[in-house]
> 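Pasting a structure here, questions to come.
In what follows, chains are A, B, ... by sequence order, proteins preceding strands, each numbered from 1. These figures come from a predicted structure and were not determined experimentally.
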Number of protein chains: 2
Amino acid sequence: MPAPAPYRLIADELRTAILTGRLKPGDRVPGENTLMEQHGVAKETARRALATLAAEGLIETRRGSGTFVKAFRPIRRRGTKRLAQSQWGEGRSIWEADLDDRPMTTDRLEVGEVDCPPHVAPLLGLEPGARVVMRNRRYLVDGEPVMLAVSYLPAALAGGTRIAEADTGPGGVYARLAEVGAGPVWFREEVRVRMPLPEEAEALRLGPGSPVALIVRHAYAEGGRPVEVNEMTLDASRYLLEWEFPA
Amino acid sequence: MPAPAPYRLIADELRTAILTGRLKPGDRVPGENTLMEQHGVAKETARRALATLAAEGLIETRRGSGTFVKAFRPIRRRGTKRLAQSQWGEGRSIWEADLDDRPMTTDRLEVGEVDCPPHVAPLLGLEPGARVVMRNRRYLVDGEPVMLAVSYLPAALAGGTRIAEADTGPGGVYARLAEVGAGPVWFREEVRVRMPLPEEAEALRLGPGSPVALIVRHAYAEGGRPVEVNEMTLDASRYLLEWEFPA
DNA sequence: AAGTGGTCTAGACCACTAC
DNA sequence: TAGTGGTCTAGACCACTTC
């Protein structure tokens, strides 16, 4: 058993302090200079210990200010209940069910008719190059971005309706779909998790050690007809995801 | 606009090569020495570029051997697997091309009656310190660990049955529960994502840049009685999670 | 033995934040 | 302006894998 590297020992010590609660969320963590002194190591070594914890998502560094224990305040996202008919049938936003106290706002809304991206076309049962209505937006809680979402609907269905406008009206997209006889009756959600690409990290203001969850929701109308594909990118460290279903 | 740090430029270049497919999964990535030469930087700088990509989960380093592009071959986990795929778009996935269908084995099985962990007791509707049957195991695909799972069932229900034995018999735990009139009729799954703790990283053989998904499955019998809590820890980079449900 | 990744140092300079 | 984090270097030594 070789002796663990010094930077690992330092990281272990700090990690224990954080996980046992001796260092609480928001607390200042000993910085580079302090660690150099206390452990008698070079700056790069101290930095490596801190970089390790940052990569684990336990701390966050603020240039010029210090190093701190990261906070975790999850947002609850109920996959099942929030989409229940009763929720969106009565002029309520599907996001209301999500809110768990804190209101969600949107940002960077982009709506328009475009050529369907090739990876989405087969999911909507469309020919390559068919037209779709795209809705792109960013969601924020407390002014901080927490999710990106792009949804696609066949233009044959959604074009010319309020779905193609910025304000979709009471009940949102699904209520409008129902009005044209294409209300969703079944959903499927696929979830993948990975570290963010640089653009995603930027759009969600993610530091190192913050994974993203990619949720793709497929909405089907009566007869199994796909009516929407929604690709969501979440700051995974801020979410608690939930689904329920019968045995 | 300050000039980006050299290590970032190198990382960007390699990242682009990987994301555009010029470097494919399994390919050798230029190593420390090569990068030092090609870009005229010091070793630590080249290392930092590689460490960045490793933290993003794009590459993996093998000591003494080289640096390689990481593979992504997800395992599909269906939360709700009982409904026919024939309807509802045949379960087509955005990530379909990558799907993986290999058999799973288990490992490190531990079964026994223990005091209920404090965070689990309220979920099972038990007094603190009540006895539960615990089943702990690790799942492997191709001999590689992909998931850890611990489940808890009230000892009053499962004690003395085959649930408390290594081999639970045909149909598994849920079939045995059904035999004592406590078959699950409803499930709830909660999902959290974060970077792994060192023990988790070790048990799942995770390198840097590999997040874990924590799935807590609650099983309820008739009347809403909780009969099982199952805590799963997945190598999130290897899974495609899926749930479906009616509107 | 050669090649590759892993760790460490001592000192330098820069950029940002807080006072 | 002082303190904190961010980046870089040149060279050293170690550990592991491959042949």
> Please tell me if B/Thr45 has a side-chain N or O lying less than 4.0 Å from either OP1 or OP2 of D/dT7.
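B/Thr45 to D/dT7 OP1/OP2: no side-chain N or O under 4.0 Å.
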> Between residues 5-12 of chain B and DNA chain C, which residues have a heavy-atom gap below 4.0 Å?
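Per residue number, the list is empty: none.
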> Side chain to side chain donor-acceptor pair (under 3.5 Å) for A/Lys70 and A/Ser210? Distances and angles first, verdict last.
CA-CA 11 Å; A/Lys70 253 211 241 177; A/Ser210 291; 2.9 Å; yes
> Among residues 30-42 of chain B, which residues get a heavy atom nearer than 4.0 Å to DNA chain C?
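Here the set is B/Gly31, B/Glu32, B/Asn33.
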> Compile the donor-acceptor pairs under 3.5 Å between side chains in residues 51-69 of chain A and protein atoms, sequence neighbours left out, one pair per line.
{"residue": "A/Thr52", "atom": "OG1", "partner": "A/Arg48", "partner atom": "O", "Å": "2.8"}
{"residue": "A/Glu56", "atom": "OE1", "partner": "A/Arg15", "partner atom": "NE", "Å": "2.8"}
{"residue": "A/Glu56", "atom": "OE1", "partner": "A/Arg15", "partner atom": "NH2", "Å": "3.4"}
{"residue": "A/Glu56", "atom": "OE2", "partner": "A/Arg15", "partner atom": "NH2", "Å": "2.8"}

> Walk me through it: do B/His218 and A/Glu244 pass the test side chain to side chain donor-acceptor pair (under 3.5 Å)?
CA-CA 9 Å; B/His218 306 252; A/Glu244 40 189 277; over 6 Å; no
> Go through the steps for A/Thr168 and A/Arg135 under the test side chain to side chain donor-acceptor pair (under 3.5 Å), then give the verdict.
CA-CA 11 Å; A/Thr168 53; A/Arg135 301 185 57 88; 4.9 Å; no
> May I have the distance from A/Leu50 (atom CG) to D/dT7 (atom P), rounded to whole angstrom?
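In whole Å, D/dT7 P and A/Leu50 CG are 13 Å from each other.
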> Counting only side-chain nitrogens and oxygens, does B/Ser65 get under 4.0 Å of the OP1 or OP2 atom of D/dC16?
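No, outside the criterion.
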> Whole angstroms only, please: what is the CZ-C1' distance between B/Phe68 and C/dG3?
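In whole Å, C/dG3 C1' lies 12 Å from B/Phe68 CZ.
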> What distance do A/Ile215 atom CD1 and B/Trp243 atom CH2 have between them, rounded to the nearest 0.5 Å?
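Here the rounded value is 8.5 Å.
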> Ignoring hydrogens and angles, write down the donor-acceptor pairs under 3.5 Å from the side chains of residues 30-41 of chain A, residues two or more places apart or on other chains.
{"residue": "A/Glu32", "atom": "OE2", "partner": "A/Arg47", "partner atom": "NH1", "Å": "2.5"}
{"residue": "A/His39", "atom": "NE2", "partner": "A/Glu13", "partner atom": "OE1", "Å": "3.4"}

> Side chain to side chain donor-acceptor pair (under 3.5 Å) between B/Thr16 and B/Arg22: does it pass, once the steps are laid out?
CA-CA 8 Å; B/Thr16 300; B/Arg22 212 167 72 239; over 6 Å; no
> If you look only at distance, which donor and acceptor atoms sit under 3.5 Å apart when one is on a side chain in residues 104-113 of chain B and the other is two or more places apart or in another chain?
{"residue": "B/Asp107", "atom": "OD2", "partner": "B/Arg138", "partner atom": "NE", "Å": "2.7"}
{"residue": "B/Asp107", "atom": "OD2", "partner": "B/Arg138", "partner atom": "NH2", "Å": "2.6"}

> Would you please classify the geometry between the B/His119 ring and the B/Tyr152 ring as parallel, tilted or perpendicular, with 30° and 60° separating the classes?
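Ring orientation, 0 to 90° scale: perpendicular.
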> Where along residues 53-62 of chain A does a heavy atom fall under 4.0 Å from DNA chain D?
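Close to the strand are A/Thr61, A/Arg62.
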> Using 4.0 Å as the upper bound for N to carboxylate O, is an ion pair formed by A/Glu242 and A/Arg77?
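No, this pair does not count.
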> Quick one: A/Lys43 NZ to C/dT9 P, roughly how many Å, whole number?
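Going from NZ in A/Lys43 over to P in C/dT9 covers 14 Å.
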> Under a 4.0 Å threshold between the charged nitrogen and the carboxylate oxygen, would B/Glu190 count as salt-bridged to B/Arg217?
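Between B/Glu190 and B/Arg217 there is no salt bridge, as every charged N stays at least 4.0 Å from the carboxylate O atoms.
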> In whole angstrom, give the distance that lies between atom CD of A/Glu44 and atom C1' of D/dA12.
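So the CD-C1' distance, A/Glu44 to D/dA12, works out to 15 Å.
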> Could you state the atom-to-atom distance from CZ of B/Arg63 to C1' of D/dT17 in whole Å?
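Distance, rounded to whole Å: 11 Å.
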